[in-house]
Amino acid sequence: MHRIVFFGTSDFAVPHLEALVQDSRFHVVAVVTQPDKPVGRHAELTPPPVKRAAERYTLPTFQPEKLSELNSILPPDLDVGVVVSYGKILPPWLLELPARGFVNVHASLLPRWRGPSPIHAAIAAGDTHTGVTVMKLDEAMDHGPILATDGTSILDTDTGGSLHDRLAGMGATLLPNILDGYLSGKTGPTTQDHTKATYCKILTRENGKIDWFKTAHEIERQVRAYDPWPGSWTELSGKRLKILAVKIRPNNASFSPGQRFVWKKRPTVGCGQGTTVELVTVQPEGKKPMSGEEFIRGNKTWSE
RNA sequence: CGCGGGAUAGAGCAGUUGGCAGCUCGCCAGGCCCAUAACCUGGAGGUCGCCGGUUCGAGUCCGGCUCCCGCAA
């Protein structure tokens with residue numbers, strides 16, 4: 001059995017951990033994840049998803065604030081490390097600790113969309129195809145040689161959430177066999193074509209603010225890409241209006257970007273280049289999500 | 001005790017200085033029409049989140065409680 005140390009934090013990492021734990025070829029000797037963080041309206045300390053999963057399998061778990069703490073803690077004789085959505089960059093000394101280094105699962109077809117938000121980036125950019133990449137970790141972010149990939153189409157109905165779940169499943173299915181192949185020497189790494197690399201940035205809630213000068217198509221893709229996180233929103237009467245779903249509507253150049261109007265009884269907004277989108281589902285501050293038509297009903301500030 | 005919004009008909013909202021509880025949509029019945037999510041007429045549907053207080057009288061004022069949500073982290 002191969003002795004593995006698993007680094008991961010988010011929901012995306014959980015199926016990967018489970019796949020390795022349930023595979024008799026591997027022995028997960030330790031799990032490293034981010035420390036518990038305050039979450040929710042009253043800032044309750046909450047463990048990350050991977051910690052919960054590790055507890056279900058009673059795996060030794062470490063939550064170092066600084067990776068240097070791991071120096072003397074990790075079990076010896078590690079064959080390989082696996083990193084999936086851990087949230088920190090691993091320093092060189094750590095990468096060299098396991099005999100065969102570290103393997104990473106990334107939610108894009110590298111070298112496209114290196115960085116922390118590949119799923120969002122692929123949908124927002126209008127990519128029709130994406131996938132997961134299993135690669136060897138090297139010193140640069142998402143830069144190492146590729147062991148395997150698996151692809152999927154991006155549907156018009158895909159959201160950040162649906163694609164996230166699909167890719168997580170694909171990665172978890174792909175990882176065990178590729179990892180075994182790598183460790184037994186059957187699967188060799190292929191250097192990335194670095195000239196084709198593209199990059200995505202880390203997202204915050206601020207990034208969810210809709211730029212109405214973009215076209216309806218761009219905005220529609222953003223709303224889907226950022227659902228459920230970080231979400232999309234706009235300002236209305238000094239308050240934030242979450243926008244959960246939009247539909248592209250017929251062009252109408254008489255409305256300028258950001259201009260609100262009513263189309264077939266539905267709230268609609270002008271976008272860039274004469275395009276328009278209908279707000280299908282919205283959520284005002286302090287309210288539950290509601291349809292655009294419902295939102296219009298009791299609302300006097302929409303059309304002036 | 002991090003900041004803030006909210007709870008009124010099935011849904012979304014209004015309710016002014018306390019004085020018979022309203023609007024839009026939906027629903028039911030009927031009408032108009034080639035037809036309709038359009039239009040017209042009529043109708044059903046509410047312990048105003050819960051408990052207590054002030055008052056001749058509380059959706060409205062006071063105190064407490066429960067639940068929902070936005071921000072922040």
Side-chain angles (χ1 to χ4, degrees), chain A residues 7-14 32-53 61-67 69 85-89 115-117 119-120 159-161 164 200-212 219-220 222-252 255 258-269 276-304:
Chain A
F7 284 65
T9 301
S10 74
D11 285 313
F12 188 82
V14 171
V32 181
T33 190
Q34 296 287 336
D36 296 2
K37 287 181 180 173
V39 164
R41 238 177 297 273
H42 300 291
E44 297 154 22
L45 221 50
T46 306
V50 163
K51 183 183 180 184
R52 293 183 183 282
T61 304
F62 303 101
Q63 297 178 277
E65 289 286 350
K66 294 181 179 179
L67 287 170
E69 299 170 24
S85 180
Y86 172 60
K88 277 181 182 162
I89 293 180
S117 59
I119 300 172
H120 304 92
T159 64
H164 168 281
C200 51
K201 300 174 186 171
I202 192 153
L203 294 174
T204 70
R205 287 184 180 79
E206 274 311 302
N207 295 124
K209 183 169 186 176
I210 290 178
D211 176 4
W212 296 108
I219 290 170
E220 190 272 341
Q222 180 199 312
V223 171
R224 278 193 291 119
Y226 289 10
D227 172 31
W229 196 92
S232 295
W233 53 278
T234 190
E235 296 268 359
L236 183 60
S237 308
K239 291 188 176 181
R240 193 173 285 212
L241 181 69
K242 278 192 176 182
I243 295 176
L244 305 179
V246 302
K247 275 185 183 170
I248 298 165
R249 289 313 181 190
N251 287 6
N252 190 332
F255 295 104
Q259 187 175 355
R260 306 186 297 270
F261 62 102
V262 178
W263 179 79
K264 292 192 175 181
K265 292 190 172 184
R266 297 159 181 175
T268 310
V269 184
T276 68
V277 291
E278 172 197 337
L279 308 190
V280 177
T281 311
V282 299
Q283 182 175 16
E285 283 186 27
K287 303 285 186 172
K288 291 184 176 180
M290 63 183 76
S291 72
E293 291 177 69
E294 288 171 326
F295 175 66
I296 287 283
R297 236 164 255 159
N299 189 308
K300 293 167 181 172
T301 56
W302 181 261
S303 54
E304 46 242 30

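First the proteins, then the strands, lettered A, B, ... as listed; each starts at 1.
Distance Leu241(A) CG to C71(B) P: 11 Å, rounded to the nearest Å. In this structure, Arg240(A) atom CZ and C3(B) atom C1' are separated by 14 Å, rounded to whole Å. Distance, Lys264(A) NZ to A38(B) C1': 13 Å, rounded to whole Å. As a whole-Å value, the separation of Ile296(A) CD1 from C23(B) C1' is 16 Å. Taking atom CG on Asn299(A) and atom P on C13(B), their separation rounds to 9 Å, with Å as the unit. With rounding to whole Å, Leu244(A) atom CG is found 13 Å from C69(B) atom P. To the nearest angstrom, C1' of G70(B) lies 15 Å from CD1 of Ile243(A).
Using atom C1' as the reference point in both A72(B) and G18(B), the two lie 38 Å apart (nearest Å). The gap from the C1' atom of C61(B) to that of G15(B) amounts to 16 Å, rounded to the nearest Å. Taking the P atoms as reference points, A38(B) lies 37 Å from U17(B), given to the whole Å. Separation of the C1' atoms belonging to G45(B) and G4(B) is 34 Å when rounded to the nearest angstrom. Atom P of A11(B) sits at a distance of 31 Å from the matching atom of C3(B), rounded to the whole Å. When the C1' atom is used for both A7(B) and C65(B), the distance is 14 Å, rounded to whole Å. Taking the C1' atoms as reference points, G52(B) lies 33 Å from C71(B), given to the whole Å. Annotation: A37(B) and G26(B) have their P atoms spaced 10 Å apart (nearest Å).
Across G70(B), G12(B), A72(B), the shortest atom-to-atom separation from the side chain of Met290(A) is found for G12(B). Taking only side-chain atoms of Glu294(A), from C-beta outward, the nucleotide of G12(B), A73(B), G70(B) with the closest atom is G12(B).
Heavy atoms of other residues, nucleotides or ligands lying less than 6.0 angstrom from NZ of Lys88(A) number more than 12. Annotation for Ile202(A): atom CD1 does not count as buried by contact number, only 12 or fewer foreign heavy atoms lying within 6.0 Å.
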Requested in this report: Using a 4.0 Å cut-off on protein heavy atoms (strictly under), produce a 5'-to-3' string for nucleotides 4-9 of chain B with B for base contact, S for backbone-only sugar-phosphate contact, and - for none.
Outcome: -BS---

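Using a 4.0 Å cut-off between charged nitrogen and carboxylate oxygen, Arg266(A) and Glu278(A) count as a salt-bridge pair.
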Would you tabulate the pairs of protein nitrogen or oxygen atoms and nucleotide nitrogen or oxygen atoms of nucleotides 24-27 of chain B closer than 3.5 angstrom?
{"from": "C25(B)", "atom 1": "O2'", "to": "Arg297(A)", "atom 2": "NH2", "distance (Å)": "3.0"}

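Take the nearest nucleotide of RNA chain B for Lys242(A) and for Arg205(A): the residue whose nucleotide is more 5' is Lys242(A). Of the two residues contacting RNA chain B, namely Arg266(A) and Gly298(A), the nearest-nucleotide position lying further toward the 5' end is that of Gly298(A).
Annotation: side chain of Leu203(A) is in contact with side chain of Tyr226(A) (closest heavy-atom distance under 4.5 Å).
The ring pair (Phe, Tyr, Trp, His ring centres under 6.0 Å) check on Phe62(A) picks up nothing, with sequence neighbours excluded. Under the rule for a salt bridge (charged side-chain N to carboxylate O under 4.0 Å, His left out), Lys287(A) has no partner lying at least two apart in sequence or in another chain. In this structure, the ring pair (Phe, Tyr, Trp, His ring centres under 6.0 Å) partners of Tyr86(A), at least two apart in sequence or on a different chain, are Phe7(A).
Here Glu293(A) lies out of heavy-atom contact (under 4.0 Å) with every strand.
With rounding to the nearest 0.5 Å, the separation of CD1 in Ile210(A) from CD in Glu235(A) is 11.5 Å. For the atom pair OG1 of Thr268(A) and CZ of Phe255(A), the computed distance is 8.5 Å after rounding to the nearest 0.5 Å. The line from CZ of Arg249(A) to CG of Leu279(A) is 11.0 Å long, rounded to the nearest 0.5 Å. Separation of atoms CG (Asn207(A)) and CD (Gln222(A)) is listed at 8.5 Å; rounding is to 0.5 Å.
Not one side-chain nitrogen or oxygen of Gln283(A) sits closer than 4.0 Å to the OP1 or OP2 atom of C69(B).
Arg260(A) contributes a side-chain N or O that, together with a main-chain N or O of Trp302(A), makes up a donor-acceptor pair within less than 3.5 Å. Distance alone, capped at 3.5 Å, places no donor-acceptor pair between the Ser237(A) side chain and the Lys239(A) backbone.
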Query - Secondary-structure string, 5' to 3', Watson-Crick or G-U under 3.5 Å, | for another-strand partners, for RNA chain B - result: .((((((..((((.....[..)))).(((((.......))))).....(((((..]....)))))))))))..

